[in-house]
Number of protein chains: 2
Amino acid sequence: MTSATQVPTRREEILALAAGLFATRGFAGSTVREIADAAGILSGSLYHHFDSKESMADEILRAFLDEILADYHAAIAAAEGPVDALRRLVHVAYGALGPHRAAIAVMMNDWNLLVQQPRFAYLRDRADETERLWVGVIADGVAAGAFRADVDPRMIYRFLRDAIWVSVRWFQPDGSTSAHDLADRYCDMLLGGLTRDQGGPT
Amino acid sequence: MTSATQVPTRREEILALAAGLFATRGFAGSTVREIADAAGILSGSLYHHFDSKESMADEILRAFLDEILADYHAAIAAAEGPVDALRRLVHVAYGALGPHRAAIAVMMNDWNLLVQQPRFAYLRDRADETERLWVGVIADGVAAGAFRADVDPRMIYRFLRDAIWVSVRWFQPDGSTSAHDLADRYCDMLLGGLTRDQGGPT
DNA sequence: GTCTATATTGAGATAGAC
DNA sequence: GTCTATCTCAATATAGAC
């Protein structure tokens with residue numbers, strides 16, 4: 001909403017390059033010199049735009065988490081029943097694989113390292129809020145009889161979350177399948193196991 | 001077989017400590033000084049046991065990958081049909097979450113960084129062989145009619161692999177559920193969606 | 001097997017000119 | 001907004017004594 005997404009500023013260009021490096025080489029494995037090289041400037045010049053390497057990762061993750069949390073809230077508000085809500089949440093998550101690919105990779109690879117630093121403590125808050133939203137939807141579905149009752153909603157949430165995010169490692173949204181195709185396939189596979197109207201496994 | 005697993009040697013003790021650090025702080029985010037501190041020695045003394053920090057990660061990953069590949073082969077050889085084979089593979093993978101927790105965390109967090117180095121090129125070979133085994137089982141199941149035919153075996157494999165490994169981030173095998181409980185739960189959820197004898201989702 | 005001591009490199013970051 | 005030049009510190013790694 002407030003963040004500029006028109007023609008990218010130099011600052012945003014550099015941030016995107018940094019994100020790409022963090023995503024492929026990890027946060028600690030990327031150097032400010034590599035970032036500067038990618039931007040075609042010298043490492044010292046980076047500090048005209050950013051305070052530190054950490055502040056780059058901070059901005060990358062914050063932008064992603066704020067946007068997706070808002071999208072989650074909107075998805076739940078628009079949903080008709082828990083099954084629809086879960087489908088919408090899955091689509092929101094997969095939809096972020098394109099525009100926020102690098103942020104998701106950073107989140108997957110460097111979460112443990114970053115949350116240990118005080119300045120990244122907000123990551124936990126965002127993660128907790130996200131978990132509350134998803135677990136609420138799943139628990140509602142169990143209560144309503146839409147999902148089988150012999151599952152732990154928290155465990156289900158974690159399976160889903162991880163399976164979705166980690167696909168950032170291999171999924172190329174430009175390929176034959178779009179992110180929403182993938183979301184549909186995943187929901188089909190998932191709901192077949194989550195919904196209760198099937199026989200037992202063979 | 002050949003590797004000693006009796007009373008751990010000093011070398012093995014240090015390796016386990018290094019693995020723990022790599023797992024929580026990442027490979028690039030861990031320093032040899034931290035490893036030495038954990039072992040109660042000075043950083044220089046580490047080089048009596050190991051050539052380099054890389055060689056530590058090398059040993060950690062190699063031991064894990066060699067063992068689990070052997071277990072995968074054995075699981076497939078012992079299985080009666082594709083569904084049983086898939087269940088067994090899932091159990092082997094989850095079974096590694098206890099003894100190889102740190103190696104799995106390193107694999108999850110630092111895979112991209114490490115495979116870029118020539119000395120870790122073998123990681124790709126192991127990954128390819130693993131994928132062949134799993135995809136073969138899934139494809140056999142589709143051919144035999146045990147799994148629904150509208151799935152891409154490679155995509156299914158990746159969903160499974162990632163969902164299993166990434167649970168190293170939150171699963172504590174010492175808790176109320178064992179790794180094999182988790183494997184069973186996951187298989188139930190999964191096969192309900194993979195096997196074809198259910199109605200459509202609600 | 002560990003220590004002392006240190007070499008050497010590369011990292012993040014800064015000051016001021018242009 | 002970038003460059004030149006450089007500081008400072010921390011990183012991996014080594015040599016030889018104990």
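Each chain gets a letter, A, B and so on, in the order its sequence line appears, and its residues count up from 1. Small disclaimer: the values here were computed from a predicted structure and weren't measured.
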So, OP1 or OP2 of [N]: does either fall under 4.0 Å of a side-chain N or O from [X]?
{"X": "A:His48", "N": "D:dT2", "answer": "no"}
{"X": "B:Ser45", "N": "C:dC3", "answer": "yes"}
{"X": "A:Tyr47", "N": "C:dT14", "answer": "no"}
{"X": "A:Arg11", "N": "D:dG1", "answer": "no"}

Practice item. Would you please test A:Trp170 and B:Asp162 for side-chain contact (heavy atoms from CB on, under 4.5 Å) and show each step? Key: CA-CA 10 Å; A:Trp170 54 269; B:Asp162 296 338; 3.2 Å; yes
Exercise for review: Go through C:dA11, D:dC3, D:dT12 for me and flag the one nearest to the A:Ile41 side chain.
Suggested key: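 Of the options given, the side chain of A:Ile41 lies nearest D:dC3.
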May I have the distance from [X] (atom [atom1]) to [N] (atom [atom2]), rounded to whole angstrom?
{"X": "B:Phe27", "N": "D:dA11", "atom1": "CZ", "atom2": "C1'", "value": "12 Å"}
{"X": "A:Glu34", "N": "C:dG10", "atom1": "CD", "atom2": "C1'", "value": "11 Å"}
{"X": "A:Leu46", "N": "D:dA5", "atom1": "CG", "atom2": "P", "value": "19 Å"}
{"X": "B:Asp51", "N": "D:dA15", "atom1": "CG", "atom2": "P", "value": "13 Å"}
{"X": "B:Asp37", "N": "D:dT12", "atom1": "CG", "atom2": "C1'", "value": "15 Å"}
{"X": "A:Phe50", "N": "C:dT14", "atom1": "CZ", "atom2": "P", "value": "15 Å"}
{"X": "A:Lys53", "N": "C:dG10", "atom1": "NZ", "atom2": "P", "value": "16 Å"}

Point to revise | Side chains of A:His73 and A:Glu129, donor plus acceptor under 3.5 Å | key: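 The answer is yes; a qualifying pair exists.
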Check your understanding: Is there a side-chain contact between A:Ile41 and A:Ile14 (heavy atoms, below 4.5 Å)?
Key ->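 Side-chain contact under 4.5 Å: yes.
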Check your understanding: Hey, does B:Leu42 reach any base, or is it just sugar-phosphate, or nothing, if we go heavy atoms under 4.0 Å?
Key ->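 Base contact - B:Leu42 has a heavy atom under 4.0 Å of at least one base atom.
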Review point. Does A:Arg169 CZ have over 12 foreign heavy atoms under 6.0 Å away?
Key: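 Check passes, neighbour count above 12.
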Review point. In terms of side-chain geometry, is the basic nitrogen of B:Arg119 or B:Glu54 positioned less than 4.0 Å from the acidic oxygen of its partner?
Key: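 Looking at B:Glu54 together with B:Arg119, the answer is no, because their closest N to O distance does not fall below 4.0 Å.
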Exercise for review: Can you check whether any acceptor in the base of D:dA11 is under 3.5 Å from a donor in the side chain of B:Arg33, or vice versa?
Suggested key: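 Indeed there is one.
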